[in-house]
Visitor: 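Below is the structure I would like to discuss, written out as structure tokens.
Given the structure is predicted, the values throughout are model-derived calculations rather than measurements. Protein chains get the first letters and strands the later ones, always in sequence-line order, with residue 1 at the start of each.
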2 protein chains.
Amino acid sequence: MEKIKRKRGTEGATMEDIAAATGLSKMTISRVFSGTGSVRKETRERVIEEADRLGYVYNALAGNFSRGKTQLIGFGVRFDGLLGSEYFAGIYRGAQNRLAKEDLRLIPLDTSSREYQNGENLMSLVAQRRVDGVMILAPLEQDELIVNQTFEEAPMVVVGAQPSHSSISWADMDNVHAIECLVDHMVSLGHQKIAYIAGPEQVSDAVTRGRAFIDAIKKHGLELPPEYIANGGFHYSIGRLAAKQILSLDDRPTALIAANDLSALGAMDMIKELGLVPGKDISVAGVDGSYMAGEVTPALTSVVQPLEQLGARAAELLIEQMQGDTSVVGTQLVRGELKAKESSGNVS
Amino acid sequence: MEKIKRKRGTEGATMEDIAAATGLSKMTISRVFSGTGSVRKETRERVIEEADRLGYVYNALAGNFSRGKTQLIGFGVRFDGLLGSEYFAGIYRGAQNRLAKEDLRLIPLDTSSREYQNGENLMSLVAQRRVDGVMILAPLEQDELIVNQTFEEAPMVVVGAQPSHSSISWADMDNVHAIECLVDHMVSLGHQKIAYIAGPEQVSDAVTRGRAFIDAIKKHGLELPPEYIANGGFHYSIGRLAAKQILSLDDRPTALIAANDLSALGAMDMIKELGLVPGKDISVAGVDGSYMAGEVTPALTSVVQPLEQLGARAAELLIEQMQGDTSVVGTQLVRGELKAKESSGNVS
DNA sequence: TTGTAAGCGTTATCAT
DNA sequence: ATGATAACGCTTACAA
């Protein structure tokens with residue numbers, strides 16, 4: 001590897017150096033390394049050989065500037081609350097894997113920060129050309145305005161929620177289907193009295209699940225006393241409390257469905273604490289297919305969210321938008337899969 | 001906001017347009033927006049006013065190219081296993097917040113991917129000028145080679161582990177102190193028979209904690225039968241099994257310390273399942289200060305990891321390296337804090 | 001398939 | 001405090 005001298009503190013060979021060394025033009029070198037356009041096989045090999053000899057490395061910074069793209073996609077996520085979750089991780093992985101095929105990379109942006117709430121962050125990041133597009137994870141209702149604004153500025157997709165603005169692309173789990181699966185499952189085990197632990201009201205998926213539960217119960221012609229619906233807020237400790245409350249009812253249900261695994265796990269803990277056996281004395285199920293659902297004893301019946309798939313679909317919707325000239329709007333509803341475990345069993 | 005026409009598909013005003021409109025030079029405009037150099041107050045105001053009028057937005061892509069920096073820091077983390085953890089989230093947040101002050105942003109890179117294992121990913125990202133520096137989260141022993149190689153290429157810091165290569169900067173929790181806190185705590189409650197649930201051998205922090213436990217027990221002159229040390233592997237279900245094993249011993253310990261919260265929680269679950277009361281019949285404690293530690297009943301005694309602080313310190317070490325001409329090596333050992341809860345109590 | 005020319009929008013450097 | 005000028009290393013657009 002020879003050393004090359006250059007002005008302004010730069011080191012390393014450039015395409016121009018290779019051009020000079022091979023007698024070709026800069027453009028041919030560019031074609032070789034960017035994979036664009038066609039280059040004769042011999043030529044390509046000669047270029048690559050010379051590049052190796054000179055220790056050339058492609059300068060993405062220059063390429064991106066010239067192209068006017070950063071190859072970066074902002075991934076909006078609430079650092080406070082969502083960043084360390086399996087939910088985030090699964091979707092992020094799925095999206096990143098899909099985007100990698102287009103040489104795109106995700107960069108997490110904090111939607112719980114003040115700057116985001118002002119709309120400063122996301123919008124200016126787009127405007128300043130720091131990201132080419134934006135993917136937003138499970139925005140809350142209160143984020144609606146910012147989502148809509150960002151959408152005006154750049155290619156955007158929402159994942160894990162369904163935005164009210166009808167021309168925004170989104171990918172989400174089929175929450176109705178998930179809840180139907182669980183209710184059907186419980187009913188097929190003979191359960192008639194099924195209680196529900198709801199999720200937080202600001203989370204649209206949770207609201208959807210709550211409505212779906214009521215509908216599913218009605219569909220089966222079952223009764224649903226108001227006391228059978230408790231608030232769990234997606235938390236373990238609240239799931240515990242909700243279970244305690246429900247178990248103390250005179251007309252105790254035989255099955256318990258929670259809006260997510262965490263509250264289901266809390267409920268199960270309380271059930272055990274009260275000397276009852278989950279899956280025997282009372283059946284329990286949740287939504288998520290979380291790590292803990294498989295770790296506890298008895299294992300928790302749950303509808304597994306297809307997180308990676310969800311992320312990948314969202315990525316595809318975004319890519320469509322970035323490639324198509326017209327702003328294509330796409331939506332994806334992905335179905336989860338029921339994994340029945342020991343926490344749910346025949347009615348006793 | 002006027003519209004400005006430009007060649008090659010570009011839109012929006014540039015510094016040159018503002019220069020023309022104000023009669024100043026491009027450089028003065030640049031000084032205003034980059035915050036570098038000095039500009040008279042009046043001049044600055046005039047520039048900003050005109051910029052607003054023209055709808056000018058700073059083009060970071062161009063600025064970064066000109067400066068030769070991406071303002072991006074690669075954050076190496078195992079997507080498989082660590083990405084969805086509180087541990088990752090806390091450190092990431094702390095680091096990102098600190099780096100934001102220098103206009104630096106983190107971008108997660110998957111160290112569990114094949115490309116990383118080949119050394120392709122990290123190294124080429126640095127070489128191709130896609131990132132200015134690298135922070136690596138809790139690399140495993142097997143990652144040593146890649147860590148060392150990356151270190152040759154760019155400013156780098158390791159967080160959540162102590163690299164063997166002595167000229168690499170790192171920030172880590174004081175694991176020895178954490179374990180000492182827990183042992184001291186148990187001893188102060190009157191416990192003489194203390195068992196330990198270890199972590200995985202590939203995780204250097206876990207190994208350090210294991211050694212620290214043995215040392216701390218010795219320091220107090222207590223006995224430590226080999227059966228008092230079980231493997232928990234940082235998992236809930238294994239923590240359960242470990243507890244079962246330990247509780248079946250003829251000479252049953254009165255206290256149980258786990259290498260992390262997850263296995264401690266599993267142990268506590270098993271204790272409850274066997275009809276014993278944690279904090280009364282047997283005391284339990286972990287390390288992490290995790291969300292779940294505060295959610296379960298009884299709440300779990302734990303040493304809270306100062307994750308955000310850890311991330312911030314690591315960020316500072318990296319910033320030092322990026323600014324200083326010489327490669328400064330710094331190390332930071334951050335102490336956690338014991339939070340005693342109901343899971344640990346006086347020996348009965 | 002390969003080449004020529006003209007940027008892309010900012011910052012470094014040196015001068016005034 | 002401000003200006004003139006030359007990069008920075010690549011890609012687009014068009015020509016051969």
Visitor: Parallel, tilted or perpendicular for A/Phe65 and B/Phe65, by the 30°/60° rule?
Guide: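 Aromatic pair A/Phe65/B/Phe65 classed parallel.
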Visitor: Using only side-chain N and O atoms of A/Thr28, determine if any of them is under 4.0 Å from OP1 or OP2 of C/dT1.
Guide: no
Visitor: Side chain to side chain contact (heavy atoms under 4.5 Å, CB included) with A/Thr331: which residues, sequence neighbours excluded?
Guide: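 Only A/Trp170 meet the side chain to side chain contact (heavy atoms under 4.5 Å, CB included) criterion with A/Thr331.
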Visitor: For B/Asp172, what residues pass the side-chain hydrogen bond (donor to acceptor under 3.5 Å, both in side chains) criterion, not counting sequence neighbours?
Guide: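 B/Asp172 satisfies side-chain hydrogen bond (donor to acceptor under 3.5 Å, both in side chains) with no other residue.
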Visitor: Checking contacts here: which listed nucleotide (C/dG9, D/dC10, C/dT4) is nearest the side-chain heavy atoms of A/Met27?
Guide: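 Given the options C/dG9, D/dC10, C/dT4, the side chain of A/Met27 is closest to C/dT4.
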Visitor: With 3.5 Å as the limit, what N/O pairs link the protein to nucleotides 14-16 of chain D?
Guide:
none

Visitor: Going by centres under 5.5 angstrom and planes under 30 degrees, do the aromatic ring of A/Phe65 and the base ring of D/dC8 stack?
Guide: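 No; by the centre-distance and plane-angle rule, A/Phe65 does not count as stacking on D/dC8.
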Visitor: Report the residues that fulfil salt bridge (charged side-chain N to carboxylate O under 4.0 Å, His left out) with B/Glu152, sequence neighbours left out, ordered by chain and then residue number.
Guide: none
Visitor: Return the set of residues passing salt bridge (charged side-chain N to carboxylate O under 4.0 Å, His left out) with A/Arg44 (not counting sequence neighbours), or none when no residue passes.
Guide: none
Visitor: For B/Gln309, which residues count as a side-chain hydrogen bond (donor to acceptor under 3.5 Å, both in side chains) partner, sequence neighbours excluded?
Guide: none
Visitor: Go nucleotide by nucleotide along DNA chain C from the 5' end; which of A/Arg40 and B/Ala62 gets its closest nucleotide reached first?
Guide: A/Arg40
Visitor: For the side chain of B/Lys26 and the base of C/dT10, is some donor closer than 3.5 Å to an acceptor across the two?
Guide: yes
Visitor: OP1 or OP2 of D/dT2 sitting under 4.0 Å from any side-chain N/O of B/Ser25?
Guide: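 For B/Ser25, the contact criterion (side-chain N or O under 4.0 Å from OP1 or OP2 of D/dT2) is not met.
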Visitor: Kindly indicate whether the side chain of B/Ser66 and the base of C/dT10 share any N or O donor-acceptor pair separated by less than 3.5 Å?
Guide: yes
Visitor: Looking at D/dT11, I'd like to know if its phosphate oxygens (OP1 or OP2) sit under 4.0 Å from a side-chain N or O belonging to A/Ser30.
Guide: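 A/Ser30 to D/dT11 OP1/OP2: side-chain N or O found under 4.0 Å.
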